[in-house]
Every structure is written in structure tokens, then in C-alpha cells.
Amino acid sequence: MKKYIILSLLILIKTYSANCQEKKWTLEDCISYAVTNNIQLQRQRLQTEITEADLTQSRLNVFPSLNMGSDGRIGFGRSVDPVTNLITFKQNISHSYYITSGITIFNGFTTLNTIAANRFMLKAGLESEKVARNSLIVDVMGQYYQVIYSKGLEEALRMQLQSSESQLARIKKMVETGKEALSRQYEMESRVSANRLDYTVAANSASQALTTLKQMLRLESASGFDIVIPDLQNIIIPYGTFSTDSVYTLASEALPRLKAVEYELQASRKRLAAARGYVSPRLTAGGQIFTGFYKVIGENGANQPSYSSQLKNNNSQAVFLSLEIPLFNNYRTGRNIKVARIQRDETELKLEQEKLNLYTEIENACLNYNRGLDEYKAAQANYDFNIKSSEAVQKKFEAGLVDVTDYAIARSTLFQAETEALRTKLQLMIRKLTLQFYTSGEYAGLTL
């Protein structure tokens, strides 16, 4: 019975492993997995957590501080007896406890401005996470379509190889019956060999593209991995165009890359205000509770109060109010204000540069899409024409009206037209998704 249970478990494990390996990944699967497991994105999240901790700390600076301490000492030589307040040269031991508390009443609004700056930096960090995620999505999406293109080339060359092998088999039968010359068979065998080489190279390229995608997702090397190949023939490409200004207007409001820099700019302005606050007077208040024990070494303990009674009787309290007016601090405050102003100006320039870069990218993306649309139309028309031309040449070849060289040229031309149609279609789809990405600012199910 035990053997049957073990055997059943092994079968279940093997079946589960086979099912896992047979799973094919969609673009959405790849993106979801990459977003969850990417190391760079995880590091960006940790940076955001540090910024969140800075914000929490700056908020708690508004509350009073509270500290407790204790110290013990042995005195030698000249000291003050805390009981009689007289000078003594006797050895003694003392032990004290204290609790202190303090609060800043006014410091030029430095604390409030620091809180605001850290709040904006946290928002910038959250937007930076989105920027890193979006960059990762674009990379995965580009590699995913690279795999589709590589597999499309592999499939086209496989069909070309099958067609050549079918023609070779037909010619061999005709040579056996004396209807074709042996040289024609040799020519066709050479063509089949060349097609097999091209197919092998394409298969290796497709395998490498798939491996690159798997490495990008950080999957285990031993795990089975493949993607879903969409039916590209049934995907309709709309013939609309994109306007640069329209896309930029939407992108400037939606993209996290601009929001992140805008939050950084607001944070730098608050930091400048916080730095200027150190020029103002600083008003603080606080209090202290103190108690202690004192004993002269060598004297009769009966003549000295007990430890507990001294702690009770020596209890003292104090409150204080402190005003600090900065007059000269070795240019520290002036330097901090100047650096904060420079950082604000640098962030303003960074925002302007980011806007220029974004507009340039969108302008190029719109131009590339509009030009790619023209290329796709021309490539599709050329492919449709070459299909008819290749079919006509194949009929002539089967009838013996053209030789192997003409047949090979026709098949090669058809293959080039097919691959060009595939390339321009995939390229146009990627460019369209990129423009949709600009207008939305986030990943929203960009699948085929």
C-alpha cells in the first residue's frame, strides 16, 4: 500500500511539473511577474521607505522630547557635600536620577517646512517607483515582441524549408521516372540545405530571444518557459495618426516622471524656507526632575540618611525658557541657505529639461508611428503581391518552365516580403502602445 501511495505522489508531482512547463506566458503575465520580482524596483521601494521614515521623524520633532538618565560616581579630594553644601575632602559615593523634557516653541518655522519638504519627497519617491515600473514594463514589452518577431521568422523559414523539401521529393520521383535531369535534383538539394541552415539560425535566434526575456524576468534557468504567440493575421491596425501636441498635453498631466520632478521642486522650495528659518531666534522650553543619593565613605552609616529617604528628600524640579538669537555661526546658516537656493534652481532646470526631453520623445514617437504606418501599408501590399507572384512561379516550376534558381529567387523574395510585413506590423504595434503609454502614464493592460 505504501508503495502505491509513493508511486501516486510521484505521478502527481511529475504531472504538476509538466503542466508548469507547458504553461505559456502572455504579455500581461510577464509584466506582472517582472514588476513583482525585479531587483531594481525593489530597491526603489526601499528608498521610498527611507523617505517615509524621514517624514515620520520630522513630524515627531513637533512633540516634546523626553529623556531619563542615571549616573553614579566616587569622589576623591575636594568636593561639595550636597547635604550640607560644605566643602569636603572626604571620599564619597553619589548616585542620581533625572528626567528631562524640552520642546521647541519657535524656530523660524524650520520644523514645519522640513515636514512639508519630506512630504513632497515621499510623493516624489512614490512617483519614482512608477517611473521605474513603467521603464521595466517598456523593456519587457519590447523583448516580448522581439520574441514574437524571432518566432515569426523561425516559422516562416520552417514553412519555406517544408516547401523546398516537398519540391525535392517531387523532383526525386521525376528523376526516377526519367522526367527530370539529375542535375535538377542536385540543385534542389542545395536549396534545401541552404533553407535548413537559415531555419537553424532563425531557431537559435528565437531561442536566444526567449532566453533573454526569461533572464529579464529572473526565472530559473531550468524551468520551462514559452510565450503565447498571438494571431497576428487577425489583429487589425487602425490607420489613424497621432498629434504631438495632443499627446504631450495628456502626457504632461499623467506621466509620473514629470510629477516626480515637480514634487522634488516643491520639496526644494520648502528646504530653502527651512534653511532661512535658522536666521530667526529660537525659543525653547523645558523642565527637569532630579533626585540623588550621597554617602561619605568610612563614616558610620547610621549618621547618614538611608538611600530611599535621600531619594525622596533630595527630589527637585525645574522649568526653563531659553531664547537663542543667532549672531554669528561661521557662515554655516548662510552656506546652507545658498546651497538650498542652488538646489531649488537646479531642480527647476531639471524640470524644464525633463519637459523638453518628454516633448522630444513624444514628437519622435508620433513621427515614427506615422512613418511606420506608411511602411506597414507598403510592406503589406508588397507581401500580397509577392504571394501571387510566388504562386505563379511555383506552378511554372512544377511544370518545368523555370529552373531551381528562379524558383529559389521567388521564394527568397516572398520570404523577405513576409518578414518585412511582420517586422513593420510588430514595430507599428509597439509604437502605438508606447504612445498609449505616454497618454495614460501607467500600465493598463497593454496586451495584444
Side-chain angles (χ1 to χ4, degrees), residues 16-52 123-154 204-232 235 251 254-260 354 357-358 361-362 365 368 422-423 425-448:
Y16 176 78
S17 300
N19 291 335
C20 290
Q21 291 183 355
E22 290 174 359
K23 174 192 174 183
K24 292 189 176 182
W25 294 54
T26 63
L27 176 58
E28 189 172 2
D29 293 334
C30 294
I31 290 175
S32 299
Y33 189 89
V35 168
T36 304
N37 297 275
N38 184 260
I39 294 179
Q40 187 62 35
L41 196 56
Q42 293 174 357
R43 293 181 62 188
Q44 184 64 45
R45 293 193 186 104
L46 293 178
Q47 292 298 320
T48 304
E49 291 181 10
I50 293 176
T51 307
E52 187 175 6
K123 292 181 179 180
L126 294 174
E127 296 299 325
S128 296
E129 281 189 28
K130 296 178 183 179
V131 173
R133 184 187 63 178
N134 290 349
S135 299
L136 175 63
I137 289 172
V138 171
D139 293 339
V140 172
M141 187 171 61
Q143 187 59 37
Y144 189 90
Y145 286 110
Q146 181 61 40
V147 174
I148 293 177
Y149 176 67
S150 300
K151 284 184 171 289
L153 292 182
E154 178 186 3
N204 291 336
S205 298
S207 177
Q208 180 59 49
L210 194 64
T211 301
T212 302
L213 178 60
K214 182 172 65 175
Q215 292 171 347
M216 187 178 295
L217 300 180
R218 296 184 62 241
L219 293 173
E220 296 181 1
S221 58
S223 62
F225 176 71
D226 201 359
I227 67 170
V228 176
I229 303 298
D231 186 3
L232 299 177
I235 296 178
L255 282 183
R257 56 189 286 187
L258 289 185
K259 292 181 180 179
E354 192 66 26
N357 293 340
L358 177 61
E361 291 177 14
I362 292 177
N368 290 334
L422 175 64
R423 183 190 68 80
K425 188 169 190 176
L426 287 175
Q427 179 178 267
L428 190 63
M429 293 170 65
I430 294 175
R431 290 174 178 176
K432 181 184 177 183
L433 291 178
T434 301
L435 288 171
Q436 292 178 352
F437 207 80
Y438 279 127
T439 56
S440 63
E442 290 188 6
Y443 166 69
L446 299 179
T447 57
L448 285 174

### Query
Heavy atoms, side chains only, cut-off 4.5 Å: are E354 and L258 in contact?
yes
### Task
Would you kindly say whether S207 and N204 are connected by a side-chain donor-acceptor distance under 3.5 Å?
no
### Task
Could you tell me which residues satisfy salt bridge (charged side-chain N to carboxylate O under 4.0 Å, His left out) with E361, sequence neighbours excluded, listed by chain and number?
R257
### Which atom of R218 lies closest to which atom of Y33, heavy atoms considered
O-OH, 4.1 Å
### Message
So, taking the atom named SG in C30 and the one named CG in L213, what distance separates them when rounded to the nearest 0.5 Å?
### Response
5.0 Å
### Task
Kindly compute the distance separating CD (Q47) from CD (E129), expressed to the nearest 0.5 Å.
10.5 Å
#### Entry: Nearest atoms (heavy-atom pairs only) where A132 meets L41
CB-CD1, 3.7 Å
### Message
Among residues at least two apart in sequence or on other chains, which ones pass side-chain hydrogen bond (donor to acceptor under 3.5 Å, both in side chains) with R423?
### Response
E420, Q427
### Query
Does the side chain of I227 come within less than 4.5 Å of L210's, by heavy atoms?
yes
### Query
From R133 CZ over to N38 CG, what is the distance, rounded to the nearest 0.5 angstrom?
12.5 Å
### Message
Restricting to side-chain hydrogen bond (donor to acceptor under 3.5 Å, both in side chains), what partner residues turn up for T51, sequence neighbours left out?
### Response
none
### Summary
CE (M141) and CG (N134) are apart, to the nearest 0.5 Å, by 10.0 Å
### Message
Are the side chains of Y144 and V228 in contact, using a 4.5 Å heavy-atom criterion?
### Response
yes
### Task
Check P256 against V131 and note the closest heavy-atom contact, atom names and distance.
C-CG2, 3.7 Å
#### Entry: Smallest separation among heavy atoms of A251 and L358, with atom names
CB-CD2, 4.3 Å
### Task
Evaluate the side-chain contact (heavy atoms from CB on, under 4.5 Å) criterion for residues V147 and W25: first the C-alpha distance (whole Å), next the side-chain angles of each, then the deciding distance (0.1 Å), finally the verdict.
CA-CA 12 Å; V147 174; W25 294 54; over 6 Å; no
### Task
Would you check if the side chain of S32 reaches a backbone N or O of D29 as a donor-acceptor pair within less than 3.5 Å?
no
### Task
State which residues pass salt bridge (charged side-chain N to carboxylate O under 4.0 Å, His left out) with E127; sequence neighbours excluded, sorted by chain then number.
K130
### Query
Between atom CG of L136 and atom CD1 of I39, what is the distance when rounded to the nearest 0.5 Å?
11.5 Å
### T48 vs S128 side-chain heavy atoms within contact, under 4.5 Å
no
### Message
Checking Y149 now: which residues fulfil side-chain hydrogen bond (donor to acceptor under 3.5 Å, both in side chains) with it, not counting sequence neighbours?
### Response
none
### Query
What's the spacing between S150 OG and Q143 CD if we round to 0.5 Å?
8.0 Å
### Task
Identify the two heavy atoms, one from A34 and one from V140, that lie closest to each other, and give their separation to 0.1 Å.
CB-CG2, 3.9 Å
### Message
I'd like to know whether T212 forms a side-chain contact (heavy atoms from CB on, under 4.5 Å) with Q146, so could you lay out the CA-CA distance, the side-chain angles of the two residues, the decisive distance to 0.1 Å, and finally the verdict.
### Response
CA-CA 10 Å; T212 302; Q146 181 61 40; over 6 Å; no
## Note on the structure
By salt bridge (charged side-chain N to carboxylate O under 4.0 Å, His left out), K151 pairs with (sequence neighbours left out) D226
